[in-house]
Amino acid sequence: MDVVHPLPHTMAGTERSVSEVVDHLVGLLDETCQDFMGVQRVVGENMDAAPLSDADVQALQKLDSATQTVEAVSTILRNLGASYGQQVEQPLDIAVLSRGVKLSHVIQVLQDGTQVDPACHSGEVDLF
């Protein structure tokens with residue numbers, strides 16, 4: 001997991017407009033939704049090889065619900081940005097917004113709108 005310490009409150013270049021933050025978060029959520037759908041596809045393709053228990057089916061239903069939740073929040077944020085984007089001009093402090101966020105790629109997206117692809121080795125899965 002890419003855990004980081006919070007950004008210093010005084011770090012230069014850590015203020016972004018509301019519309020920038022919303023756009024960055026929408027992009028992050030859209031990417032996460034695509035990742036979830038990819039996981040669902042892989043599981044679906046492999047379900048014939050190994051029958052699932054009731055507990056496994058419930059876990060997959062939670063994955064589907066999480067996927068739909070991420071997609072819904074992304075849509076709401078996109079609509080919020082379209083409705084109020086230019087009306088709110090006061091910049092937001094990324095260090096304050098990211099307080100308590102444990103994933104560096106989320107902070108990177110808030111700050112820059114982009115993220116560095118984390119190194120992922122074939123066969124490696126972090127489930128916690």
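Each salt bridge (Lys or Arg N to Asp or Glu O under 4.0 Å) pair with one or both residues in residues 18-27, not counting sequence neighbours, would appear here, but there are none. Listed by first and then second residue, the salt bridge (Lys or Arg N to Asp or Glu O under 4.0 Å) pairs that reach into residues 70-79 are D30-R78, sequence neighbours excluded.
Take T32 and apply the side-chain hydrogen bond (donor to acceptor under 3.5 Å, both in side chains) test, not counting sequence neighbours, and it matches no residue. Among residues two or more places apart in sequence or in another chain, the side chain to side chain contact (heavy atoms under 4.5 Å, CB included) test is passed with Q58 by Q61. Here S53 pairs with A55, D56 under the side chain to side chain contact (heavy atoms under 4.5 Å, CB included) rule; sequence neighbours left out. Applying the salt bridge (Lys or Arg N to Asp or Glu O under 4.0 Å) test to D64 and every residue at least two apart in sequence or in another chain returns nothing. L29 pairs by the side chain to side chain contact (heavy atoms under 4.5 Å, CB included) definition with V70, V73, S74, L77, not counting sequence neighbours. Residues passing the side-chain hydrogen bond (donor to acceptor under 3.5 Å, both in side chains) test with Q40, sequence neighbours excluded: T67.
When the side chains of ILVMFWY residues are joined at heavy-atom separations under 4.5 Å, either directly or via intervening members, V43 and F36 end up in a single hydrophobic cluster. Hydrophobic clustering keeps I76 apart from L92 (ILVMFWY residues linked when any side-chain heavy atoms are closer than 4.5 Å, directly or through intermediates). Both V39 and L60 are members of a single hydrophobic cluster when ILVMFWY side chains are connected at heavy-atom separations under 4.5 Å.
The neighbour count for N46 CG, taken as heavy atoms of other residues, nucleotides or ligands under 6.0 Å away, is above 12.
Here the straight-line distance linking atom CD1 of I107 with atom OG of S98 works out to 4.5 Å at 0.5 Å rounding. Between atom OG of residue S17 and atom CD of residue E15 there is a gap of 11.0 Å, rounded to the nearest 0.5 Å.
Here the side chains of L25 and V109 are not in contact, with every heavy-atom distance at 4.5 Å or above.
L52 and M47 get closest at one heavy-atom pair: CD1-CE, 3.7 Å. Here the closest heavy-atom approach between residue H24 and residue D112 is recorded as CE1-C, 3.9 Å.
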